[in-house]
Amino acid sequence: MSVPDRREDVTSARRVVVKVGSSSLTTAAGGLDADRVDALVDVIAAKRAEGTEIVLVSSGAIAAGLAPLGLDRRPRDLATAQAAASVGQGLLVARYTASFARYALRVGQVLLTVDDMTRRTHYRNAYQTLDRLLNLGVLPVVNENDTVATEEIRFGDNDRLAALVAHLVRADLLVLLSDVDGLYDGDPVRHTSSRIAEVRSAADLEGVEIGKAGRAGVGTGGMVTKVEAARIATTAGIPVVLTAARHASEALTGKQTGTFFHRTGVRGADRLLWLAHATTARGRLVLDDGAVDAVAERHKSLLPAGITAVEGGFVAGDPVDLVDENGHIIARGLVNFDAKELPGLLGRSTHELAREMGPAYEREVVHRDDLVLLRR
């Protein structure tokens, strides 16, 4: 069977999210590489000229702040990383603004946190802002708000953010640009390793050796985060191209470059994808068998009567894991009570609680609209 010259899912995409990593924009010593930024902007501007809407998810804020602060490597402590992000984010957006201005294109900075994207009203506002920017012809430049983020800096990466943003803006395609020209079945440095041209299912990745670190030393991610981002996007119905930044033009024009991940699912509830993949549980609620059945099988809200134990120091609005009595995670949800309040409510009906403590207690511990199943 012959391979087509162009990937139809790429050429037909009208709204595309492009993610670029730190190593593709900066030098190993830190600081932005103006030529690299301009080269990426040239490609994106050409795609925009064809009528395609682009959202750019760009790493590089912390890396861009290293040289101005006299730092020779990425900081390990949170406060210094946040300081570098604060300095570097302004430099990064200024560089993009100047570069896109060569094509009379305006950019708009959008900084996101996980909290912004899991609360219902915040999520809706984020979508409306990005959608409006695109409708006004502005190219959004998205990044995690690293100056105030905590776990995002220490453990996260913009690959996952890009997959979730692609779902948020209802993109038709996600393009992940890195310093490696695709996914290999082993270490890409070894001559015995081969590039995987297409991934149609998880079975195609069985036995594949996936590396953890970028070669340039200024980013936080690696191939693991890119494959995970591809999994998140494709299960939500969004195909993914993974390739090197130097092949960005080929990737956006549908040529056979990098690794193409075919969509494996369909679009689901937008905000719940963030809840499942972008949050860290602040505690756990242990459910009895009846509550497990109600939540997992009948898709009901979680009531205090079905909870047998509370673990953690969360507050109302935090994500918590719902687990069975053996500790197996069933779901994750946004809790409506502080951890200190819940012990006195366990095992009791909402009607009983309302009579004794007032109408504010006649509510779910986790509403079904704020809950996503993690085990089916």
Side-chain angles (χ1 to χ4, degrees), residues 3-4 6-21 23-24 40 43-44 47 52-59 130 140 142 144 156-185 188 194-206 208 210-212 214 219 221-268 270 273-274 276-278:
V3 177
R6 304 276 174 172
R7 292 165 172 157
E8 185 177 345
D9 280 342
V10 175
T11 57
S12 64
R14 305 318 303 158
R15 180 173 286 188
V16 179
V17 171
V18 176
K19 184 268 176 178
V20 62
S23 59
S24 301
L40 174 64
V43 172
I44 292 176
K47 192 66 176 176
T52 304
E53 295 178 329
I54 304 284
V55 176
L56 177 61
V57 176
S58 178
S59 300
L130 286 164
V142 179
E144 282 187 315
D157 186 80
N158 274 352
D159 296 309
R160 181 176 59 169
L161 175 67
L164 296 166
V165 166
H167 198 254
L168 170 67
V169 301
R170 302 180 174 96
D172 304 306
L173 176 71
L174 170 62
V175 177
L176 299 173
L177 301 177
S178 179
D179 54 355
V180 181
D181 65 344
L183 176 64
Y184 282 72
D185 58 8
S194 300
R195 179 172 59 86
I196 301 171
E198 295 189 8
V199 176
R200 295 183 178 274
S201 70
D204 292 339
L205 298 179
E206 290 180 6
V208 175
I210 301 176
K212 294 182 179 179
M223 198 54 66
V224 170
T225 67
K226 290 165 181 55
V227 171
E228 172 63 10
R231 185 185 70 81
I232 293 170
T234 55
T235 55
I238 303 167
V240 177
V241 178
L242 167 62
T243 192
R246 66 182 181 276
H247 297 315
S249 179
E250 293 94 327
L252 285 169
T253 53
K255 292 183 180 178
Q256 299 292 327
T257 186
T259 301
F260 184 74
F261 295 80
H262 292 262
R263 59 171 66 90
T264 59
V266 296
R267 186 178 301 279
D270 293 333
L273 194 76
W274 281 80
H277 295 290

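The structure presented is a predicted model; accordingly, all values stated were derived computationally and were not measured.
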Any chance you could measure [X], atom [atom1], to [Y], atom [atom2], to the nearest 0.5 Å?
X	Y	atom1	atom2	value
Thr259	Leu205	OG1	CG	9.5 Å
Ser249	Ile44	OG	CD1	11.0 Å
Ile196	Leu183	CD1	CG	4.0 Å

Side chain to side chain contact (heavy atoms under 4.5 Å, CB included) assessment of Leu130 paired with Val142: CA-CA 9 Å; Leu130 286 164; Val142 179; 4.0 Å; yes
Residues that Arg15 engages under salt bridge (Lys or Arg N to Asp or Glu O under 4.0 Å), provided they are two or more places apart: Glu53, Asp131
Salt bridge (Lys or Arg N to Asp or Glu O under 4.0 Å) involving Asp181 - partner list, sequence neighbours excluded: none
So which atom in [X] and which in [Y] form the shortest heavy-atom distance, rounded to 0.1 Å?
X	Y	value
Asn158	Ser59	ND2-OG, 3.1 Å
Asp9	Pro239	CB-CG, 4.1 Å
Val17	Ala162	CG1-O, 3.9 Å
Leu174	Ala163	CD2-CA, 3.8 Å
Thr264	Arg200	CG2-O, 3.5 Å
Asp179	Arg246	O-NH1, 4.2 Å

Side chain to side chain contact (heavy atoms under 4.5 Å, CB included) against [X], all qualifying residues, sequence neighbours excluded:
X	value
Ser201	Ala203, Asp204
Ser178	Lys226
Ala13	Val16, Asp172, Leu173
Thr253	Arg6, Lys255

Counterpart residues, side chain to side chain donor-acceptor pair (under 3.5 Å), relative to Thr243 (two or more places apart): Thr257
Contact check, side chains of Val227 and Val199, non-hydrogen atoms, under 4.5 Å: no
Criterion side chain to side chain contact (heavy atoms under 4.5 Å, CB included) on Leu252 and Thr52, from CA distance to verdict: CA-CA 10 Å; Leu252 285 169; Thr52 304; over 6 Å; no
Summary of side chain to side chain donor-acceptor pair (under 3.5 Å) pairs that have at least one residue in residues 228-242, sequence neighbours excluded: Glu228-Arg231
Trace of the side chain to side chain contact (heavy atoms under 4.5 Å, CB included) decision for Arg7 with Val241: CA-CA 10 Å; Arg7 292 165 172 157; Val241 178; 3.9 Å; yes
Pairing residues for Phe261 by the ring-ring contact (aromatic ring centres under 6.0 Å, His included) criterion, not counting sequence neighbours: none
